[in-house]
Amino acid sequence: MIRARQPCVVLTGAGVSTESGIPDFRSPTGLWAQFDPLEYGSIEAFRRDPVRVWSFYKPRVAMLTGAEPNPAHLALAELERLGFVEAVVTQNIDLLHARAGSREVVEVHGSIRTATCPGCGASQPLERVLQLLEQAEAPACPDCGAILKPDVVFFGELLPVAAIERASELAREARLLLVVGSALEVYPVAGLPQETLGSGGELAIVNRGPTPYDAQASLRLEGSAGEVLAEVAAALRGEDAQHAQDAS
Ligand SMILES: [Zn+2]
């Protein structure tokens, strides 16, 4: 399907990162089942008490920066290099697609790459935020002293407009939308498959557990993102080598 239906756009969710040891916060046993998102993950909570929210985020950021890309991330980066994947649209904030080598990555829930000062608007890179966290429980803006907010989408915040518009455009242009590790439950990302289907594209889903689009998918695989994508990359790598052989 990937060879026949180009361009292929990939949509990834928490299920891709769990194989790097990053828990799915929305799962029944996940973080948001233990911690009230309104108290730790909402923009209201951050405005009310940013230091308290950082006491919760600090170990998370350490865990995210310590995680490594897994075979799913590596396979998607390879498929992009081989010309089989146009872009990756991701709900994940952990930077693992970029670290694996993917170049066209649309982060619809933001990422930990930068943090912004709500006081003066200055942006700080992750490296600087980590330095500041070594000295304090919460990173204060070096310019004005306000507590920095990570550029990830908090509950109660709008998604970054440019990213979601780009994601919609990619979904409409895709002849194949390959969904990996997402239950497709969180809007507006959950609406992207409808944009692909509505413009005549097809849908393939690799996920552990059902999604609302299973009946409309041309292909539905229940399984590990890393195992499935590594096999896909190996198969297409072979095809590519075969084509090179034919040409020679
Ligand atoms: Zn500032």
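Counting starts at 1 for both ligands and their atoms, following the listed order.
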For residues 128-138, which side-chain N or O atoms pair as donor and acceptor with protein atoms under 3.5 Å away, sequence neighbours left out?
| residue | atom | partner | partner atom | Å |
| --- | --- | --- | --- | --- |
| Arg128 | NH1 | Gln131 | OE1 | 3.2 |
| Glu137 | OE2 | Lys58 | NZ | 3.3 |

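- With sequence neighbours excluded, no residue forms a side chain to side chain donor-acceptor pair (under 3.5 Å) with Gln124.
- The aromatic rings of Phe154 and Tyr57 lie parallel to each other, their planes meeting at an angle below 30°, with 60° marking the opposite boundary.
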Under 3.5 Å, sequence neighbours excluded: what are the donor-acceptor pairs made by side chains of residues 141-153?
| residue | atom | partner | partner atom | Å |
| --- | --- | --- | --- | --- |
| Lys149 | NZ | Val152 | O | 2.9 |
| Lys149 | NZ | Glu157 | OE1 | 3.2 |
| Asp151 | OD1 | Thr116 | OG1 | 2.8 |
| Asp151 | OD2 | Thr114 | OG1 | 2.6 |
| Asp151 | OD2 | Thr116 | OG1 | 3.0 |

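- The side-chain heavy atoms of Leu96 and Leu64, taken from C-beta on, include no pair separated by under 4.5 Å.
- The Zn ion (ligand 1) has Cys117 SG, Cys120 SG, Cys141 SG, Cys144 SG as protein N, O or S atoms under 2.8 Å away.
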Candidate pair Ser182 and Gln91, rule side-chain hydrogen bond (donor to acceptor under 3.5 Å, both in side chains), full reasoning
CA-CA 9 Å; Ser182 174; Gln91 297 172 284; 3.0 Å; yes
